[in-house]
Protein chains: 2
Amino acid sequence: MIKILVVDDEPQIARALRINLSAHGYEVATAPDGAQALRAAAAFVPDLVVLDLGLPDMDGTEVIAGLRGWTSAPILVLSGRAASAEKIAALDAGADDYVTKPFDIGELLARVRAATRRGSAGSDAPVTVIGSATVDLATREVVRDGEEVRLTKTEWQLLEVLLRNPGKLVGQRELLHRVWGPNYDRETNYLRQYMAQLRRKLEADPARPVHLLTEPGMGYRFRP
Amino acid sequence: MIKILVVDDEPQIARALRINLSAHGYEVATAPDGAQALRAAAAFVPDLVVLDLGLPDMDGTEVIAGLRGWTSAPILVLSGRAASAEKIAALDAGADDYVTKPFDIGELLARVRAATRRGSAGSDAPVTVIGSATVDLATREVVRDGEEVRLTKTEWQLLEVLLRNPGKLVGQRELLHRVWGPNYDRETNYLRQYMAQLRRKLEADPARPVHLLTEPGMGYRFRP
DNA sequence: GACACCTTTGACGCATTCTTGATGGCCGAC
DNA sequence: GTCGGCCATCAAGAATGCGTCAAAGGTGTC
């Protein structure tokens with residue numbers, strides 16, 4: 001299910017959005033201010049963020065920057081201000097769309113559809129092959145030599161980040177941030193522990209990995 | 001260069017858009033109606049389409065459908081009609097954004113940036129060629145004569161600073177500052193050590209570098 | 001409450017990398 | 001011609017980071 005994080009300090013709007021989005025099959029979480037939004041995003045890992053710019057504690061562009069530091073999920077900005085300068089600042093900070101209040105809920109839903117459609121169409125490769133194993137990120141299933149392989153929640157999260165960036169080096173800080181949250185940036189021993197488990201479950205020779213590679217001092221890389 | 005196709009039947013608007021987009025470094029083609037737009041898109045293969053919905057010959061959604069049949073380039077719709085139903089129809093037909101006229105040109109440019117940023121995020125290739133080696137800063141990969149070359153963290157940091165300033169002289173103090181931090185401004189021996197390693201790994205003849213050049217007493221320079 | 005499973009921590013051997021020192025070549029200054 | 005500064009190269013010890021094993025909390029289930 002597509003996960004959406006709604007950030008708005010006005011309870012009525014947040015509630016209305018939650019109801020409408022839920023009714024259309026999205027999984028919704030809400031946050032009332034910038035700090036909680038960043039924390040919720042780290043825990044919830046949304047596929048899209050609906051962000052009200054008029055938050056009490058932080059500037060909207062700061063929240064965008066905080067999100068863009070580790071996620072590329074679409075950000076749809078809501079704002080009462082229609083000034084072009086505001087829109088430009090938000091879009092250039094990393095937002096994907098900008099809607100001025102009052103907004104039509106149908107239009108907002110259409111923009112959400114447009115944003116998620118693009119996000120999932122481009123880089124979604126639901127099934128990945130790692131040696132003799134087949135990983136399906138959509139159904140959360142791993143089959144290896146005909147046998148089903150069980151992965152824990154943490155193992156899935158870690159594997160998913162790597163698989164969604166095929167061939168690309170993913171920094172250890174980024175991995176820790178996206179799997180364990182912002183407060184675990186230094187716990188590289190977690191990475192060692194879980195990478196070893198993934199290799200044991202997926203690689204033909206766990207001691208000599210071919211697809212889940214270590215880049216010492218920097219991070220890890222999935223090579224197709 | 002990023003290519004944009006502008007589709008508008010009003011010559012003034014088409015001209016204004018062409019001038020503004022060209023001034024910002026885009027390559028622009030224009031088409032005055034739907035039929036020519038589809039033909040121009042096939043020939044021009046744009047990275048983004050700015051599409052006016054009020055075309056004389058075809059309905060806007062038809063044009064969108066015609067484009068979506070074979071390209072996933074972002075489509076940014078312009079329209080004089082602000083009705084939500086229109087917007088929803090266009091977005092669900094495959095458009096990525098919808099701007100109502102009259103529009104602010106700065107905002108349009110920001111939306112163009114946002115759309116192209118997302119599109120190019122996946123396939124952006126900031127690859128640099130050093131002799132027979134190919135350096136990809138995004139994926140942190142170096143391939144030389146078909147073989148993969150491994151660089152350490154420090155080597156990457158040093159190389160990245162040089163590659164991001166192609167042709168430019170980078171002072172030794174700046175290099176030391178950016179790679180090792182503010183307390184190493186005088187340790188020029190580090191630079192010698194690591195420049196030698198980089199040349200050994202990248203240059204055809206490490207003793208006679210062609211791309212990673214020393215400027216005695218000043219710093220180093222990457223020549224493409 | 002007992003059990004199984006997952007997560008979190010700690011410790012150790014090992015390989016690689018970083019740091020440091022020493023040597024020799026090139027070039028301009030004197 | 002000699003000297004001193006700057007650079008390239010080589011060769012160590014020191015430090016860091018990784019993989020692995022093992023075991024202590026935590027959590028949910030039966």
Side-chain angles (χ1 to χ4, degrees), chain A residues 42-43 140 142 148-162 169-222, chain B residues 140 142 148-159 162 169-173 175-221:
Chain A
R140 295 266 139 135
V142 178
E148 186 171 330
V149 179
R150 276 183 54 81
L151 297 189
T152 71
K153 189 177 164 189
T154 309
E155 288 165 357
W156 270 115
Q157 292 180 32
L158 182 58
L159 184 63
E160 179 164 8
V161 176
L162 290 170
L169 170 73
V170 187
Q172 28 194 26
R173 203 151 310 160
E174 184 179 349
L175 286 169
L176 287 163
H177 196 165
R178 294 177 72 157
V179 177
W180 282 273
N183 299 325
Y184 292 76
D185 282 5
R186 296 284 171 191
E187 307 280 349
T188 58
N189 46 327
Y190 287 15
L191 289 179
R192 277 181 269 158
Q193 178 66 28
Y194 280 93
M195 284 304 297
Q197 291 184 21
L198 283 177
R199 294 206 257 241
R200 221 171 296 145
K201 293 183 177 180
L202 299 175
E203 289 274 4
D205 183 358
R208 295 168 174 266
V210 181
H211 299 101
L212 300 172
L213 306 177
T214 302
E215 299 285 347
M218 300 193 294
Y220 293 84
R221 180 199 308 273
F222 163 64
Chain B
R140 289 275 142 109
V142 178
E148 191 170 324
V149 179
R150 283 180 42 81
L151 298 188
T152 71
K153 183 178 158 192
T154 311
E155 288 164 359
W156 270 114
Q157 291 178 20
L158 181 57
L159 184 63
L162 290 170
L169 170 70
V170 186
Q172 4 192 4
R173 192 156 313 168
L175 284 170
L176 287 162
H177 198 274
R178 295 179 69 164
V179 177
W180 281 272
N183 300 325
Y184 293 76
D185 283 3
R186 294 286 172 189
E187 308 278 350
T188 58
N189 46 329
Y190 287 13
L191 288 179
R192 279 184 233 127
Q193 175 69 24
Y194 281 94
M195 284 304 298
Q197 290 184 22
L198 282 178
R199 293 205 258 241
R200 217 172 300 144
K201 292 183 178 181
L202 299 175
E203 290 274 4
D205 183 357
R208 294 165 181 265
V210 181
H211 299 101
L212 300 172
L213 307 177
T214 302
E215 301 284 348
M218 307 180 69
Y220 292 84
R221 179 198 309 272

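Please read these numbers as outputs of a predicted model, since none were measured by experiment. Only this structure's heavy atoms are used, side chains among them; waters, hydrogens and symmetry mates stay out.
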Nearest-angstrom distance from the residue atom OH of B/Y190 to P of D/dA14: 15 Å
Check ion pair A/R140-A/E160 (N to O, under 4.0 angstrom): yes
OP1 or OP2 of D/dG19 under 4.0 Å from side-chain N/O of A/T214: yes
Touch class at under 4.0 angstrom, heavy-atom based, for B/T154 against every strand present: sugar-phosphate
Atom-pair distance (CZ on B/R186; P on D/dC7), nearest Å: 13 Å
Whole angstrom value for the distance that separates C1' of D/dA12 from CG of B/N189: 15 Å
5' precedence on DNA chain D between B/T188 and B/Q193 (nearest-nucleotide basis): B/T188
Where chain B begins and ends its contact with DNA chain C, read 5' to 3' at 4.0 Å from heavy atoms: C/dT17 to C/dT20
side-chain N/O A/R199 vs D/dT20 OP1/OP2, d < 4.0 Å: no
Option passing side chain to side chain contact (heavy atoms under 4.5 Å, CB included) with B/E155 (candidates B/L202, B/V142, B/L198): B/L198
B/Y220 side chain near D/dA8 phosphate (N/O to OP1/OP2, under 4.0 Å): yes
Spacing of A/L176 atom CG relative to D/dG17 atom C1', expressed in whole Å: 14 Å
Value in whole Å for how far the P atom of D/dT9 lies from CG of B/L191: 14 Å
Exam field: side chain B/E203 to backbone B/V210, donor-acceptor pair closer than 3.5 Å: yes
B/K201 side chain vs B/R150 backbone, donor-acceptor pair below 3.5 Å: yes
Gap between atom CG of A/L159 and atom OG1 of A/T152 - 0.5 Å precision: 10.5 Å
Sugar-phosphate, base or nothing in reach of B/R200, heavy atoms under 4.0 Å: nothing
Nearest-angstrom distance from the residue atom CZ of B/R173 to P of D/dC6: 12 Å
Separation of D/dT20 P from A/R208 CZ (nearest whole Å): 11 Å
Side-chain N or O of A/Q172 closer than 4.0 Å to phosphate OP1/OP2 of D/dC18: yes
Test of ring centre spacing under 6.0 Å for A/Y194 and A/W156: no
Sugar-phosphate only, base, or nothing, as touched by B/E155 at under 4.0 Å among non-hydrogen atoms: nothing
Length of the NZ-P vector between A/K153 and D/dG26, whole Å: 18 Å
Side chain proximity check, A/L162 to A/M195, heavy atoms < 4.5 angstrom: yes
